[in-house]
> 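So that we are looking at the same thing, I have put the structure below in structure tokens.
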Amino acid sequence: MTSATIIDGKAFAAGLRTRIATQVATFREATGRAPGLAVVLVGEDPASSVYVRSKGKATREAGMESLEYRLPADTDQATLLALVERLNADPAVDGILVQLPLPRQIDAQAVIQAIDPDKDVDGFHPVNAGRLATGVEGFVPCTPLGCLMLLKSIHPSLSGMNAVVVGRSNIVGKPMAQLLLGESCTVTVAHSRTRDLAEVVGRADIVVAAVGVPGLVKGAWIKPGASVIDVGINRTEAGLVGDVEFDVAATRAGAITPVPGGVGPMTIAVLLRNTLVSAGRRAGVAINEAAL
Ligand SMILES: Nc1nc2c(c(=O)[nH]1)N[C@@H](CN(C=O)c1ccc(C(=O)N[C@@H](CCC(=O)O)C(=O)O)cc1)CN2
């Protein structure tokens, strides 16, 4: 029996997108132009193509300008870097995003590092990782910031809570840990070499699972009443599943995100938020971030 509150990320993201659209309209009145987001897709990975299409649609629905660049799968690194340089120099572009994963002939780190950190609305550039780690204003990666927003909708203060992040990727695990530390949580980052994961997870008031292994986090490990955020999006024969064994976890957790409809929709909504914030900073127009 499900006893947990199911955190409706789809509804939360829809509300965020509406609030963003309101401030985009104000920005347009003040500047006479729309915030611009450039999205670059290399190749035809089916999931990436869907995400890029969704980003373009959401960008336009928020009243922003969407610039889409679709390059063939055999694009070489120099061509991609030249496009990034062009976008860096374009005053109509407030945010640049190169969809990941990239084909193997391209060094993703080199591409990320070529993006102007002040247009890096993905928050993947090492400058933005450093800003997050040191508490300086920058851009925070969309998925972990979306997870934090969902958590704060349940617990307005996270101070003093034990948080366990399962996964140590640069895109989710590490920035998630930094964000939770910034909220005064006691943070543990668990990974593939962690001993006794069950015991580590069992101590957590907050569990964020971001490993990409279907059902790795067992429901029986969850401390009764804990909040569980499942970042996993795994395509299996049974359909789309997360990293958490949802059915059992939902009988123990206080609150839990579903897959799909939990964290996923927040990724695109936060991308729009970061683009609006970037446009505001670049144009010297105040954006009310607290109202987003
Ligand atoms: N440059 C980037 N690349 C990638 C990112 C990113 O943030 N920046 N994240 C992911 C993919 N992603 C956005 O790009 C993304 C993933 C999932 C969803 C989403 O809404 N998921 C739905 C399920 C959709 C489905 O059926 O596949 C859900 O969980 O409900 C949106 C965006 C990797 N690459």
Side-chain angles (χ1 to χ4, degrees), residues 13-42 48 51-71 80-100 102 108 111-132 136-146 148-149 171 175 265-292:
L16 176 56
R17 284 167 57 174
T18 301
R19 296 191 292 279
I20 290 166
T22 303
Q23 292 205 45
V24 168
T26 311
F27 177 90
R28 289 176 72 138
E29 274 170 32
T31 62
R33 72 169 183 95
L37 173 64
V39 175
V40 182
L41 174 65
V42 185
S48 292
Y51 297 143
V52 165
R53 211 173 309 125
S54 302
K55 286 174 186 185
K57 183 167 176 274
T59 304
R60 288 186 294 276
E61 283 174 1
M64 303 193 203
E65 178 152 9
S66 169
L67 301 111
E68 285 176 37
Y69 298 85
R70 291 168 190 273
L71 306 181
L80 182 55
L81 290 176
L83 173 59
V84 169
E85 280 311 322
R86 193 147 60 80
L87 298 172
N88 282 344
D90 186 340
V93 172
D94 297 293
I96 302 170
L97 176 148
V98 178
Q99 187 66 28
L100 301 179
L102 284 165
V111 174
I112 289 167
Q113 291 186 29
I115 297 172
D116 177 347
D118 294 329
K119 293 188 177 186
D120 168 38
V121 285
D122 252 337
F124 294 165
H125 194 290
V127 165
N128 282 317
R131 286 169 172 164
L132 175 61
V136 173
E137 184 180 275
F139 291 110
V140 176
C142 304
T143 301
L145 185 52
L148 184 66
M149 287 177 177
I171 289 172
M266 292 300 291
T267 299
I268 293 179
V270 174
L271 172 67
L272 303 180
R273 175 212 175 270
N274 284 356
T275 304
L276 171 62
V277 167
S278 177
R281 285 179 192 158
R282 289 166 33 76
V285 170
I287 302 299
N288 186 352
E289 293 183 37
L292 290 175

> Please identify each residue that fulfils side-chain contact (heavy atoms from CB on, under 4.5 Å) with Glu68, with sequence neighbours left out.
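For Glu68, the residues satisfying side-chain contact (heavy atoms from CB on, under 4.5 Å) (neighbours in sequence not counted) are Val52, Arg60, Ser66, Arg70.
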
> Under 3.5 Å, sequence neighbours excluded: what are the donor-acceptor pairs made by side chains of residues 283-292?
unit_1	atom_1	unit_2	atom_2	d
Asn288	OD1	Ala290	N	3.4
Asn288	OD1	Ala291	N	3.3
Glu289	OE1	Arg273	NH2	3.0

> Step by step, work out the side-chain contact (heavy atoms from CB on, under 4.5 Å) result for Met64 and Leu37.
CA-CA 7 Å; Met64 303 193 203; Leu37 173 64; 5.5 Å; no

> So, for Ile96 and Val93, which heavy atoms are closest and what is the spacing to 0.1 Å?
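Closest approach of Ile96 to Val93, heavy atoms only: CG1-CG1, 3.7 Å.
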
> What pair of heavy atoms forms the shortest contact from Gly63 to Val24, and how long is it?
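Looking at all heavy atoms of both residues, the closest pair is O-CG1, 3.5 Å.
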
> Taking atom CD of Glu137 and atom CG of Asn128, what is their separation to the nearest 0.5 Å?
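Nearest 0.5 Å value for the CD-CG distance: 10.5 Å.
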
> side-chain contact (heavy atoms from CB on, under 4.5 Å) between Met266 and Leu16: does it pass, once the steps are laid out?
CA-CA 9 Å; Met266 292 300 291; Leu16 176 56; 4.2 Å; yes

> At what distance, to the nearest 0.5 angstrom, does CG of Leu271 lie from OG1 of Thr59?
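With rounding to 0.5 Å, CG (Leu271) is 6.0 Å from OG1 (Thr59).
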
> Identify, with sequence neighbours excluded, every residue that meets side-chain hydrogen bond (donor to acceptor under 3.5 Å, both in side chains) alongside Thr267.
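So Thr267 forms a side-chain hydrogen bond (donor to acceptor under 3.5 Å, both in side chains) with Thr143.
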
> If you compare all heavy atoms of Ile112 against all heavy atoms of Pro126, which two are closest, and at what distance to 0.1 Å?
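Heavy atoms only, the tightest pair is CG2-CD, 4.5 Å.
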
> Test side-chain contact (heavy atoms from CB on, under 4.5 Å) on Leu80 and Leu102 and set out the steps.
CA-CA 11 Å; Leu80 182 55; Leu102 284 165; 4.1 Å; yes

> Quick one: does Leu87's side chain get under 4.5 Å of Val40's, heavy atoms only?
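The answer is yes, as the side chains (C-beta and beyond) meet within the 4.5 Å cut-off.
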
> Let me confirm one number: the CZ-CZ distance from Phe139 to Arg281, rounded to the nearest 0.5 Å.
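Going from the CZ atom of Phe139 to the CZ atom of Arg281 covers 4.5 Å.
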
> Verify, without hydrogens or angle tests, whether Asp94 (side chain) and Gly36 (backbone) share a donor-acceptor contact under 3.5 angstrom.
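Yes, because the side chain of Asp94 sits within donor-acceptor range (under 3.5 Å) of the backbone of Gly36.
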
> Quick one: salt bridge (Lys or Arg N to Asp or Glu O under 4.0 Å) partners of Arg19, sequence neighbours excluded?
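With neighbours one apart ignored, the set is empty.
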
> When you look at Lys119 and Asp90, which way does the salt bridge (charged side-chain N to carboxylate O under 4.0 Å, His left out) test go after all the steps?
CA-CA 11 Å; Lys119 293 188 177 186; Asp90 186 340; over 6 Å; no

> Who are the side-chain hydrogen bond (donor to acceptor under 3.5 Å, both in side chains) partners of Glu29, not counting sequence neighbours?
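Glu29: no side-chain hydrogen bond (donor to acceptor under 3.5 Å, both in side chains) contacts found.
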
> Between CD1 of Ile20 and CZ of Phe27, what distance do you get to the nearest 0.5 Å?
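One finds 14.0 Å between CD1 of Ile20 and CZ of Phe27.
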
> About how many Å separate CD of Glu61 and CG of Leu272, when rounded to the nearest 0.5 Å?
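Between atom CG of Leu272 and atom CD of Glu61 there are 9.5 Å.
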
> Determine yes or no for a side-chain-to-main-chain donor-acceptor pair under 3.5 angstrom, with Ser278 supplying the side chain and Asn274 the backbone.
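Between the backbone of Asn274 and the side chain of Ser278 there is no qualifying donor-acceptor contact (under 3.5 Å).
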
> Please name the pair of heavy atoms, one in Ala92 and one in Arg33, separated by the smallest distance, quoted to 0.1 Å.
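Smallest interatomic distance, heavy atoms only, reads O-NH1, 4.1 Å.
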
> With rounding to the nearest 0.5 angstrom, report the OH to CG distance, Tyr51 to Leu41.
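Taking OH in Tyr51 and CG in Leu41, the distance rounds to 12.5 Å.
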
> To check you understand the geometry: which heavy-atom pair defines the closest contact between Gly123 and Pro141, and what is its length?
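Minimum heavy-atom separation between Gly123 and Pro141: O-CG, 3.4 Å.
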
> Kindly give the heavy-atom pair with the smallest separation between Leu83 and Leu71, and that separation in Å.
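Smallest heavy-atom distance, with atoms named: CD2-CD1, 4.0 Å.
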
> Determine whether a donor-acceptor pair (N or O, by modelled atom type, separation under 3.5 Å) exists between the side chain of Asp118 and the backbone of Arg282.
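Side chain of Asp118 to backbone of Arg282: no pair is present.
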
> Output all residues satisfying salt bridge (Lys or Arg N to Asp or Glu O under 4.0 Å) with Asp120, sequence neighbours left out; order by chain, then residue number.
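Partners of Asp120 under the salt bridge (Lys or Arg N to Asp or Glu O under 4.0 Å) test: none.
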
